[in-house]
**Q** 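Below you will find the structure I want to go over with you.
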Amino acid sequence: HRILGGVDFFSRKEIKDLVAYVHIAVNPRSTLHLERVLNTPPRGIGKATLEKYKKIAARDGISLFDAILPAASGHDGIRTFVNLLNNIHRLAEKSSVFEILNEVLFQTKYYNYLKQRIKDSPNERTSNVQELVSVAQVFCHDNKETGLDHIQTWLDWASIMSSEDE
């Protein structure tokens, strides 16, 4: 499969964001990916809050996800984020990467975020997201399996494509 405008496609912010969400759907305790999307789109979780929970995670020897879980009861942004992660993780166990991407786009209102918050080429970024979803749909059509193994296979493929972009 060839992605249009493949040069640096997987290096683009919007693509990295969505791939990070897919990673989290498979493994909610992936700190690298969690940090990337914790406040993307913005949900009132600033750098100070992130640093606070990173320190707790390091101090207690737990994942960042486990560190923020207790805060979900008192912080609307964290509660929204934790609910999203729980939803996409449950969905990942029985669904496809195409369904995960669509759920993330729906629950985060990612297209609105691109149009309202991103001043640099929002239409191009929207097209990039649509292309990623389209590629995921073709991947799912070609690979009928669903669930975590299927999604991990797509992530491996995306990683290879990303390496080829560089």
**Q** Looking only at heavy atoms, which two atoms of Arg36 and Ala20 are closest? And how far apart?
**A**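 Heavy atoms only, the tightest pair is CD-CB, 3.9 Å.
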**Q** Taking all non-hydrogen atoms of both residues, which atom of Val97 and which atom of His150 are closest, and how far apart?
**A**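 Minimum heavy-atom separation between Val97 and His150: N-NE2, 3.4 Å.
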**Q** Any side-chain heavy-atom pair from Asp60 and Lys55 closer than 4.5 angstrom?
**A**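 No, side chains not in contact.
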**Q** For the residue pair Pro41 and Arg117, establish whether any side-chain heavy-atom pair is separated by less than 4.5 Å.
**A**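 The answer is no; the side chains never approach within 4.5 Å.
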**Q** So Leu64 and Ile68, do their side chains get closer than 4.5 Å, heavy atoms only?
**A**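 Ile68 reaches Leu64 side chain to side chain.
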**Q** In the structure I gave you, are the side-chain heavy atoms of Leu18 and Leu101 within less than 4.5 Å of one another anywhere?
**A**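 In contact.
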**Q** Apply side chain to side chain contact (heavy atoms under 4.5 Å, CB included) to Phe65 and Leu85, showing your working.
**A** CA-CA 9 Å; Phe65 179 75; Leu85 295 191; 3.6 Å; yes
**Q** Just verifying a value: how many Å separate Leu114 CG and Glu14 CD, rounded to the nearest 0.5 Å?
**A**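 Those atoms lie 6.5 Å apart.
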**Q** Calculate, to the nearest 0.5 Å, the distance between atoms CZ and CD1 belonging to Arg125 and Ile15 respectively.
**A**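 So the gap between those two atoms works out to 10.0 Å.
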**Q** Is the shortest side-chain heavy-atom distance between Tyr113 and Thr108 below 4.5 Å?
**A**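 Result no, sub-4.5 Å side-chain heavy-atom pair not found.
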**Q** I need the minimum non-hydrogen distance between His89 and Val26, along with the two atoms involved.
**A**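 Taking His89 first and Val26 second, the nearest heavy atoms are CE1-O, 3.5 Å.
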**Q** Do Glu124 and Ser127 have a side chain donor and acceptor closer than 3.5 Å?
**A**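 No.
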**Q** Around atom NZ of Lys52, are there more than 12 heavy atoms from other residues, nucleotides or ligands closer than 6.0 Å?
**A**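 Incorrect, the count does not exceed 12.
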**Q** Determine all donor-acceptor pairs shorter than 3.5 Å in which one atom belongs to a side chain in residues 134-141; sequence neighbours excluded.
**A**
none

**Q** Please find the pair of heavy atoms, one from Arg43 and one from His75, that lie closest to each other, and give the distance.
**A**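 Looking at all heavy atoms of both residues, the closest pair is O-CE1, 4.2 Å.
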**Q** Measure the spacing between CZ of Phe81 and CD1 of Ile45 and express it to the nearest 0.5 Å.
**A**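 One finds 6.5 Å between CZ of Phe81 and CD1 of Ile45.
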**Q** OH/Tyr53 to CD1/Ile78 distance, rounded to the nearest 0.5 angstrom?
**A**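 It comes to 4.5 Å.
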**Q** Would a 4.5 Å heavy-atom cut-off, applied to side chains only, mark Ile56 and Arg59 as touching?
**A**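 With C-beta onward as the side chain, the pair touches.
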**Q** As an exercise, state the distance from CD1 of Ile151 to CG of Asp156, rounded to the nearest 0.5 Å.
**A**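 So the gap between those two atoms works out to 12.0 Å.
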**Q** Going by heavy atoms in the side chains, are Lys13 and Asp17 under 4.5 Å from each other?
**A**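 Yes; the side chains approach each other to less than 4.5 Å.
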**Q** Walk me through whether Thr126 and Gln130 qualify under side chain to side chain contact (heavy atoms under 4.5 Å, CB included).
**A** CA-CA 6 Å; Thr126 298; Gln130 290 168 339; 3.9 Å; yes
**Q** Quick check: closest heavy atoms across Pro70 and Ala67, and the distance to 0.1 Å?
**A**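 Heavy atoms of Pro70 and Ala67 come nearest at CD-O, 3.4 Å.
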**Q** Atom CD1 of Ile100 and atom CD1 of Ile88: how far apart are they, to the nearest 0.5 Å?
**A**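 Nearest 0.5 Å value for the CD1-CD1 distance: 6.0 Å.
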**Q** Among all residues two or more places apart in sequence or in another chain, which pass the salt bridge (charged side-chain N to carboxylate O under 4.0 Å, His left out) test with Arg29?
**A**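 Listed in chain order: Asp66.
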